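Scope of the values below: all heavy atoms of this structure, side chains included, with no hydrogens, waters or symmetry mates. In this chain, numbering begins with 1 at the start of the sequence shown. Note that the structure is predicted; figures quoted are calculated from it, not measured.
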Amino acid sequence: MNKVVIALVASAAFGLSSQAFAEDATKMERAGEGVVETVTSPGQIVEGVAEDAEKHGPVVGTVTGTVKGTAKAASQAVTGAAKVGVGAVETILSPVTGE
């Protein structure tokens, strides 16, 4: 009987720690996605120039594409930085908040 109780307690504790690890991994994944978005945001400028150069020609496309691409890059960088911050804060505070 004691072995059964010990086995149940051990399996329950292991199950709870596995769930906590999975939640921490999700939080860290969010931070990782943010890093990727931040690092790849300058690529939005290149894409904007390429798209607009194809539509409007090389001179106009370079100007309008740079403006559009820079706006997209800034937005992506801000979103990425926010995800990094949220993921990091959630990971740090999860032991305190119990979530």
Side-chain angles (χ1 to χ4, degrees):
M1 179 69 173
N2 287 341
K3 290 180 183 180
V4 172
V5 172
I6 292 171
L8 289 173
V9 170
S11 63
F14 179 74
L16 291 175
S17 66
S18 297
Q19 181 181 1
F21 179 75
E23 290 173 2
D24 285 343
T26 302
K27 294 169 188 169
M28 289 304 296
E29 185 177 310
R30 180 179 295 120
E33 288 172 1
V35 170
V36 170
E37 285 186 15
T38 303
V39 170
T40 60
S41 63
Q44 294 293 328
I45 298 170
V46 175
E47 286 180 22
V49 170
E51 288 172 2
D52 279 11
E54 190 176 303
K55 290 179 188 174
H56 307 294
V59 176
V60 174
T62 300
V63 174
T64 60
T66 301
V67 172
K68 287 181 185 177
T70 301
K72 286 182 182 178
S75 173
Q76 183 174 326
V78 168
T79 301
K83 284 184 179 179
V84 170
V86 168
V89 169
E90 284 180 339
T91 302
I92 292 168
L93 292 180
S94 64
V96 175
T97 61
E99 294 180 10

Measure the NZ-OG1 distance between Lys72 and Thr70 for me, rounded to the nearest 0.5 Å.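 Taking NZ in Lys72 and OG1 in Thr70, the distance rounds to 11.0 Å.
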
Just jot down the side-chain hydrogen bond (donor to acceptor under 3.5 Å, both in side chains) partners of Gln44, sequence neighbours excluded, or say none.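 Gln44 satisfies side-chain hydrogen bond (donor to acceptor under 3.5 Å, both in side chains) with Gln76 once adjacent residues are dropped.
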
Do you know the tightest heavy-atom contact between [X] and [Y]?
X	Y	value
Ile45	Ala73	CG1-CB, 4.1 Å
Val36	Thr40	O-OG1, 2.8 Å
Ala31	Ala88	CB-N, 4.3 Å

Identify each donor-acceptor pair in which a side-chain atom of residues 49-64 lies under 3.5 Å from a protein atom, sequence neighbours left out, and give them as a table.
unit_1 : atom_1 : unit_2 : atom_2 : d
Asp52  : OD2    : Thr64  : OG1    : 2.7
Asp52  : OD2    : Gly65  : N      : 3.2
Thr62  : OG1    : Pro58  : O      : 2.5
Thr64  : OG1    : Val60  : O      : 3.0

Cluster overlap Val84 with Val39, hydrophobic side-chain contacts below 4.5 Å: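 In one cluster: yes.
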
Examine distances only and state if a side-chain atom of Thr38 and a backbone atom of Gly34 form a donor-acceptor pair shorter than 3.5 Å. yes

